[in-house]
Amino acid sequence: MPVNSGLADAANVLLFTTVILYALAMLAYACDFAFARQRVLAGTVRAETVAPASALVAVGAGGPDVPVSASAAPPAAAAGGSAGGPAGGTQSRWPSGVWLRTAFGLTCIGVTCQVLSIIDRGLAEHRVPWGNMYEFLAAITCMAVLVLVAASIRYRAYYMGLFVLLPVVLGLGIDLTVVYTPAGALVPALQSYWIAIHVTAMIVASGLFIFGAVVTTLFLIADRSQRRVAAGRPSFSAGILAHLPGSVVLDRLSYRSILFAFPVWTFGVMAGAIWADHAWGRYWGWDPKETWSFITWVVYAMYLHARATGGWRGRRAAWIHMAAFTCLMFNLIGVNLWISGLHSYAGLPG
Amino acid sequence: MTTVDPEARTGDLELAEPQRPAPAGAGLGVAGWLRWIWRQLTSMRTALILLFLLALASVPGSVLPQEGVDPAAVSQYYAAHPSLAPLLNKLSLFSVFAAPWFAAIYLLLFASLAGCVLPRTFRLVGSARQKPPRAPRNLARLPLRASYRSDVPPAEALEAAAKTLRGRRFRVQTGEGWVSAEKGYLREVGNLLFHIALLALLFSIGIGGVFGYKANRLLVVGQTFANTPTDLDVFHPGRLVGPSNLQPFEISLLSFHAQYVTSGPQMDQPITYQAPLSYRSSPGAPVSHYDLTVNHPLVVDNVSVYLIGHGYAPEFTLTDGAGHVQWTGAVPFIPVNQTSLTSEGVLKFPDARPTQLGFAGVFLPTEVDVRGQLQSAFPAALLPRVSLVAYAGNLGMNGPVAQSVYDLDTTDMHRLAVAPRPLAPGASIKLPDGDGTLTFTGYTQWASLAITYDPGQLPALISGFAALAGLILSFMVRRRRFFVRAQAAPDGSTEVTFGGLARSDAAGGLESEFAGLTDALRALHSASPDPASPDPASPDPASPDPVSPDAASSDLGSPVPSGPVPSSPVPSQRGSEQ
């Protein structure tokens, strides 16, 4: 069936609109950080009232060998109202303040546009719209923003907006310029209902992994800043960190996203193996993409084990998390661009 | 009860991830050393290092060409790096995933895994028989806590609470003035299921490697082949597979159809491949038909047959000087460009007279002339042409090393002065001295089939899904304990305290479960609730915050994040923090 070019053009326009909306949302999130002083001060006051009790408790629990949780507990308590979970505190789960409401509203409209763009592209091509790198990047950035919206409402992680949208906007910019591929049909190897299962799982997992990696980056910055402040040295990131919850909350948020992402990724790899068995005659053949999805799986498994093991929790586990995310990104970008294999569907001139 | 219950403490210290100490092993004798090595091997640190090595060792397998994935790329690498390649080969870097060092890593990892999983399985069975521990004396120190007044007498209040908790499928123990309840054993079940399923997966892969086989066969339209080692182009049998173990089916390729995008930016891209087959499961069996396409393998006698490639086979006829047909047939040419299907192949005539003849040819499905250079503009055969270079002399086919049918050894041959012009179907090359003609009569197509038999496939699939189920269970279920204490207050009412803690981190939900249970218990005990008692759902400075922000921060290994009993006789509460 030929491509419906009218729908395909509309999908492109929608994606451009999405990028603009995301960029405006970022601006509004930044304005929230810059101008919404009131709310932050209130949070600080609350932190001071809670701090003594929490600090005692934390020292009792962690002991001197666990500086991360000991020093992180007071800010965590401060942020508990905004990030501790839906049952805690009296704050509404909806954003407060005009800038934050604007930012979140723009994010929601933007992600709606992006979902419509993806559906539109699928209708134009009469197939699931994840057949090349352009479509895959659009899908995983969309998933990352959906995770952001869900985490904002569920865990009141509105403070993540700016930091998640930054890589999303960059990714979409590259997507629309460098890797843009016009709408078209699929090669025979991809003509299978398994594309809807395998690639969808990979997209969902990748979106969650992106969110987790952004949170962990913030965790590492917050953790470093807290250690510097504790050591009496200046912290360059303290200004922006005043708007964020403490490292304990960030660590938990990123861990939760991995708890969701890892089984989905596992399922995606398994679905890929079943598909590979249908298409290529073996369920595992160490194709570069397969190898790197295995490496990614192993390193994320390392993160999960490290986070459950004393002496590795906190900063070390976070660095393993970043290594795992690097493997994921290399699998997405490096393997597509530099290593040829059976998964070379990127559709890039090369 | 005034002292901390030691049973409760040890219970709390039992970790989601087991404590796996690795004491030094100096001066312990052989048994001591072995035990020390075993403890080292099964420690989490070693497991992490082995996981890291496994990931690291896989990297060269994706960067360097692999014998098992693309042998031709390995040969190219040898040609490009003649001094480096033999060294890499010695290190098994062209077959990383079959290398002894790679096997050493994953076997050690699985030994470590088994050494961790087996003791934990026994421990799980043991803990499933035990009752939950007594309630700690001071529930206000638990991460989740609430308290309220009730007019129901303490004994009745506790009985009602125990009934509610049992109704919610908690394991419940009661005592003087307290009720304790525990739930979430499925978490450890899931964790163990995941790890045992990984062992089963490795075992399944092993079964496939021993009892299965892989083969390839290039089949020109009209040809038939039987599933025997001599009739297969490439045959990789498992360790215990002999020629007699092969399923005796036969397959004929009836025709081949390919469709391509004819315009637009995706021009040249294939749309469909179709290879109609006829087959029978044994030489005497009835013939069946199957339309083989990509993603839809033929399964015959538990063996799967896949369509993995295709190409053109130009047809030629060789006649001698007297006009007698010496040879006629189709010669498969191998695509050198997957987009345009420009293909190369050779023709060898060892029986030609007066000398042996050889031809090196290029087949262009849709010939175009780009500034004097012949190219193919489209993968379908719209304007098929063959361009041949003719050689006469000794083909060298009697040497000790078997020659590939796709290579022409021209060392003992001389080039014939016939123009390498492209031939249209029906056109011929006249050989010099009236020695005959070679006619390009037309073309047909070929399909390459992959044949796999893997008896470990179904066990691998089941293991995979078991691992996934275990993973989800262990991530979603949280092992948690709730405690209720009730005692008579001086004013004659009953003071009910309710506390809870998670013994492992999971995807959340403990706070809401605790809040729900608190509401249920309050409703149960609310003969006449005290209006002054704090609402457990909102923070109140007079009583401890019912939902501590630390509640959910209990990590997998630190079940007691905010230190419920600082006077505990056990020195460290973070058992795995060493």
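Below, chain A is the first sequence line, B the second, and so on; all start at residue 1. These numbers come from a predicted model, not from an experiment.
Using a 4.5 Å cut-off between heavy atoms, Met302(A) touches chain B through backbone and side chain atoms alike. Ser304(B) does not touch chain A: none of its heavy atoms, backbone or side chain, sits under 4.5 Å away. For a residue to count as touching a neighbouring chain, one of its non-hydrogen atoms must lie under 4.5 Å from one of that chain's; by this rule Gln259(B) does not touch chain A. With a 4.5 angstrom heavy-atom cutoff, Ala460(B) touches chain A only via side-chain atoms.
Rounding to the nearest 0.5 Å places CH2 of Trp286(A) at 13.0 Å from OG of Ser95(B). To the nearest 0.5 Å, atom CH2 of residue Trp284(A) and atom CD of residue Gln457(B) are 14.5 Å apart.
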Applying side chain to side chain contact (heavy atoms under 4.5 Å, CB included) to Trp312(A) and Leu48(B), what does each step give before you reach the verdict? CA-CA 10 Å; Trp312(A) 288 80; Leu48(B) 281 174; 3.6 Å; yes
- In sequence, state the C-alpha distance, the side-chain angles, and the governing distance for Phe465(B) and Phe267(A), and then conclude on side chain to side chain contact (heavy atoms under 4.5 Å, CB included). CA-CA 8 Å; Phe465(B) 274 104; Phe267(A) 172 76; 4.3 Å; yes
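The aromatic rings of Trp297(A) and Phe194(B) sit tilted relative to each other, their planes meeting at an angle between 30° and 60°. In this pair, Phe475(B) and Phe262(A) present their aromatic rings tilted. The plane angle is within the 30 to 60° band.
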Just distance, no hydrogens or angles: give the donor-acceptor pairs under 3.5 Å from side chains in residues 188-195 of chain A, sequence neighbours left out.
{"unit_1": "Gln191(A)", "atom_1": "NE2", "unit_2": "Leu186(A)", "atom_2": "O", "d": "2.9"}
{"unit_1": "Gln191(A)", "atom_1": "NE2", "unit_2": "Ile271(B)", "atom_2": "O", "d": "2.6"}
{"unit_1": "Ser192(A)", "atom_1": "OG", "unit_2": "Trp194(A)", "atom_2": "N", "d": "3.1"}

Side-chain donor-acceptor contacts of residues 50-69 of chain B below 3.5 Å, not counting sequence neighbours, with atom names and distances?
{"unit_1": "Ser58(B)", "atom_1": "OG", "unit_2": "Leu54(B)", "atom_2": "O", "d": "2.7"}
{"unit_1": "Ser62(B)", "atom_1": "OG", "unit_2": "Trp292(A)", "atom_2": "NE1", "d": "2.7"}
{"unit_1": "Ser62(B)", "atom_1": "OG", "unit_2": "Val59(B)", "atom_2": "O", "d": "2.9"}
{"unit_1": "Gln66(B)", "atom_1": "OE1", "unit_2": "Val96(B)", "atom_2": "N", "d": "2.9"}
{"unit_1": "Gln66(B)", "atom_1": "NE2", "unit_2": "Leu64(B)", "atom_2": "O", "d": "3.3"}
{"unit_1": "Gln66(B)", "atom_1": "NE2", "unit_2": "Leu93(B)", "atom_2": "O", "d": "3.0"}

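Comparing Gly184(A), Pro182(A), Ala273(A) by how many heavy-atom pairs each has under 4.5 Å with chain B, the most go to Gly184(A). Contact count versus chain A (heavy atoms, under 4.5 Å) is highest, among Leu461(B), Thr452(B), Leu471(B), Val305(B), for Leu471(B). When each of Ala450(B), Gly464(B), Ala73(B) is checked for heavy-atom pairs under 4.5 Å with chain A, Gly464(B) comes out on top.
Side-chain contact check for Arg282(A) versus Lys214(B): some heavy-atom pair is nearer than 4.5 Å. Between Asp277(A) and Tyr306(B) the shortest side-chain heavy-atom distance falls below 4.5 Å.
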